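Data block below; observations after.
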Amino acid sequence: MIQFLLQNSWWIPCYGVLGALLTLPWTIGIVRRTGPRPAAYINLLMTVLAFIHGTTVFRSTWNQPPQALVFHWLQTVDLDLTFVLDISAVSVGAMELVTGLSLLAQLFALGYMEKDWALARFFALMGFFEGAMSGLALSNSLLLTYGLLELLTLSTYLLVGFWYAQPLVVTAARDAFLTKRVGDILLLMGVVALSTLSGSLSFPDLYEWAETATLSPLTATLLGLALIAGPTGKCAQFPLHLWLDEAMEGPNPASILRNSVVVACGAYVLIKLQPILNLSPVALTTLIVIGSMTAIGASLVALAQIDIKRALSHSTSAYLGLVFVAVGTQWTGFALMLLFAHAVTKALMFMSVGAIITTTQNQDLTEMGGLWSRMPVTTTAFVVASAGLVGILPLGGFWALRLGMDDFWTDAPWLVGVVLVVNALTALNLTRVFRLVFLGAPQPKTRRAPEVGWAMAVPMVSLTIVTLLTPLMMQRLSLLPDWEYFNHTAAFLLVLSGIIGCLVGATVYLHKAWSRSVHLPWRMLQDLLSYDFYIERLYEISVVNGVVLLARFSNWCDRYIVDGMVNFLGIASIFSGESLKYSITGQSQAYLLTIMVAVSLLGGVLVWFAW
């Protein structure tokens, strides 16, 4: 039985897609009498089956050599399009993380989306979402990976635009789709070039080719930059980072997955591409620069946000920036460990945020306060998630960031400073959010805020327990260091940076008007951060206006040059025809003479130019 489940591991990504297809009668309105809830239950059942199947496979692959499932799709003369799935502890563990968080997010959505008329459509989209991410975790073929990334982009567009009657939602969905398409097109160029150069798109074959490949510096640089463009868009890194902030207009259960495992899928693809990126030092340096800029910049921007979901989404970009730095410095172990710790804690954090939004019907931090006594479960979940995200001993975030500091301690000490700054700014931001939401005097929208129901509380409490047990899970996976190799100085600095961030966040004066940028001494800095360093405005001036000018020039050329020449020929034909009809004789020999003269003149001209 175990061997059967192992050989059919490719079914696990199909469970979510199958659930989405089975719910089509409710999604498109064929079945109305039962309401949309049966569709939600069907998708939940499929996710439970995927989780159980994945758990069985993970236990059978632990401490075992990887296995490959090969599916030959198209084989011609010198073209072999083969799909390869990697069945190993790492890939199956990543897939299990996706299905587990998807199960909890869908349970959470039962309460959050309870009264939504399109509940069936939401759960169907979540099934496609889960299927694409699970397939990415198992994929060991660059061609299959690219196809699943495209499906993930489409699912993101549909989920962000779920409430399509709202103008901001439509704009956010459009921007998310187009921003990701920029990176996907460049990634497609890299995939095609890599297929031509290596002759295969299977990751094991690509790794063997990369060990002996000799490319010119220009070719290696262009190839490396094209390959990192796709993950840059998926992980919301500079300059393709604005979409994640706007995507918070979508339903919160989808934001749980988007800020935990969706962005992690893009980083996971980047980690698998790392041996190929080693061919280009420029690409590795670009990863370090992009990651460092995004990590520090996004951490600063988060401090000036008054929308609770947007304030936390920027920290997602910041932590994924650290993952980019880890891949650029070739420390993929740190990248994987940080992705795991970040995914668990950020999912719990957005669950607590969803509970707050459901209870108060509000996302504005300046209109909240005093919720700690009214929502104790939500308060506990937010505190545990915050402690697990920053470097506070002994939770998962501490061990992940400590590993990164150990890796950078000797080779790149300045990157240790980047980790410490990001950790301190994140602690400052989370403390600020905690004070504005849970402490202080109750506001009109939080005065009568009860705790959420069981459908939302059960997954939130379950994930709280998982977050607290993350260090034990890391120990079972042999990810924690031996005490004799423990870098006490790095650990002390990490804890100190978190404490400093918490102390500053706890002592700084947080007047409600301060968050609205009306105090003149801080207005310039506040506006600079709250408007994301005016990058969106810069895009409008440069890229958008450039495209508009190009479109106007193309329209002018089409109207006055292309159409003008056609219209000129038409008018000339009309006038010549009208003038000739008065001079014809009606004799056939005259027509033949005219034709011969014209052909002779044309032949003479051709001969003249030929000489």
Side-chain angles (χ1 to χ4, degrees), residues 100-101 103-105 107-112 252-253 255-257 259-260 308-309 311-312 315-316 340-363 365 368-400 423 426-443 445-474 495 498-499 501-503 505-506 510:
L101 292 180
L103 175 60
L104 293 176
L107 284 173
F108 189 84
L110 281 178
Y112 190 90
N252 188 77
S255 298
I256 294 172
L257 295 182
N259 284 272
S260 57
I308 186 171
K309 291 177 67 176
L312 300 181
S315 69
T316 300
F340 172 63
H342 174 268
V344 175
T345 55
K346 192 54 69 74
L348 177 60
M349 191 172 293
F350 269 87
M351 281 188 183
S352 62
V353 168
I356 295 168
I357 295 173
T358 301
T359 303
T360 63
Q361 298 298 314
N362 176 48
Q363 297 181 203
L365 289 171
M368 296 184 184
L371 286 178
W372 70 272
S373 60
R374 292 162 174 77
M375 304 180 68
V377 175
T378 303
T379 305
T380 303
F382 186 86
V383 171
V384 172
S386 301
L389 187 63
V390 300
I392 295 181
L393 192 69
L395 297 182
F398 167 81
W399 296 108
N423 185 55
T426 303
L428 170 59
N429 179 49
L430 295 178
T431 306
R432 176 186 75 99
V433 173
F434 177 80
R435 289 178 61 193
L436 290 172
V437 175
F438 297 101
L439 301 183
Q443 301 296 313
K445 293 185 178 180
T446 61
R447 204 162 282 153
R448 299 179 180 271
E451 188 58 86
V452 293
W454 69 269
M456 299 172 66
V458 168
M460 192 160 52
V461 172
S462 302
L463 199 53
T464 301
I465 297 173
V466 171
T467 303
L468 293 173
L469 295 178
T470 298
L472 295 179
M473 298 168 62
M474 290 179 173
V495 173
I499 293 175
C502 292
L503 289 177
L510 292 179

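None of the values given here were measured: they were computed from a predicted structure.
- In this structure, the separation between CG on L110 and CH2 on W454 is 7.0 Å, given to the nearest 0.5 Å.
- Of the possible polar contacts, one joining the N429 side chain to the A311 backbone as a donor-acceptor pair under 3.5 Å is found.
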**Request:** Just do the side chain to side chain contact (heavy atoms under 4.5 Å, CB included) check on V452 and F108 with the steps written out, would you?
**Result:** CA-CA 10 Å; V452 293; F108 189 84; over 6 Å; no

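- The shortest distance between side-chain heavy atoms of Q443 and T360 does not fall below 4.5 Å.
- The distance from atom OG1 of T431 to atom CG of L436, rounded to the nearest 0.5 Å, is 11.0 Å.
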**Message:** Assess the residue pair L348 and V384 against the criterion (side chain to side chain contact (heavy atoms under 4.5 Å, CB included)); give the C-alpha distance rounded to whole Å, side-chain angles, the decisive distance to 0.1 Å, and a yes or no.
**Reply:** CA-CA 8 Å; L348 177 60; V384 172; 4.2 Å; yes

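- Side-chain contact between V344 and V466 is present, with heavy atoms from C-beta onward closer than 4.5 Å.
- Atom CG of L389 sits about 5.0 Å away from atom CE of M349, to the nearest 0.5 Å.
- In this structure, K309 NZ and I357 CD1 are separated by 5.0 Å, a value rounded to the nearest 0.5 Å.
- When every heavy atom of T358 is checked against every heavy atom of Q361, the shortest pair comes out as O-NE2, 2.9 Å.
- Between the side chain of T345 and the main chain of H342, a donor-acceptor pair closer than 3.5 Å is present.
- L312 has its side chain out of reach of N259: every pair of non-hydrogen atoms, C-beta onward, lies at least 4.5 Å apart.
- Contact of the V353 side chain with the I256 side chain is not registered, since no non-hydrogen atoms from C-beta on lie closer than 4.5 Å.
- No side-chain heavy atom of L371 sits less than 4.5 Å from a side-chain heavy atom of T378.
- Put simply, CG on N423 and CG on L428 are 11.5 Å apart, with the number rounded to the nearest 0.5 Å.
- Between F382 and F434, the angle of the ring planes stays under 30°, which puts this pair in the parallel group of the 30/60° scheme.
- No side-chain heavy atom of V458 sits less than 4.5 Å from a side-chain heavy atom of L107.
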**Message:** V461 vs V377, test: side chain to side chain contact (heavy atoms under 4.5 Å, CB included). Steps then yes/no.
**Reply:** CA-CA 8 Å; V461 172; V377 175; 3.8 Å; yes

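- The distance from atom NZ of K346 to atom OG of S315, rounded to the nearest 0.5 Å, is 3.0 Å.
- Shown here for W372 and L439, the closest heavy-atom pair between the two residues is CD1-CD2, 4.1 Å.
- Of all the heavy atoms in A341 and G397, the pair that sits closest is CB-N, 4.2 Å.
- Between T359 and R374 the shortest side-chain heavy-atom distance does not fall below 4.5 Å.
- With sequence neighbours left out, the side chain to side chain contact (heavy atoms under 4.5 Å, CB included) criterion links A427 to V390, C502.
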**Request:** Start with the C-alpha gap between T464 and M351, add the side-chain angles, then the distance that decides, and say whether side chain to side chain contact (heavy atoms under 4.5 Å, CB included) holds.
**Result:** CA-CA 10 Å; T464 301; M351 281 188 183; over 6 Å; no

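- Scanning all heavy atoms of the two residues, the minimum distance from A381 to M460 falls at CB-CG, 3.6 Å.
- The closest side-chain heavy-atom distance from L395 to T470 is not below 4.5 Å.
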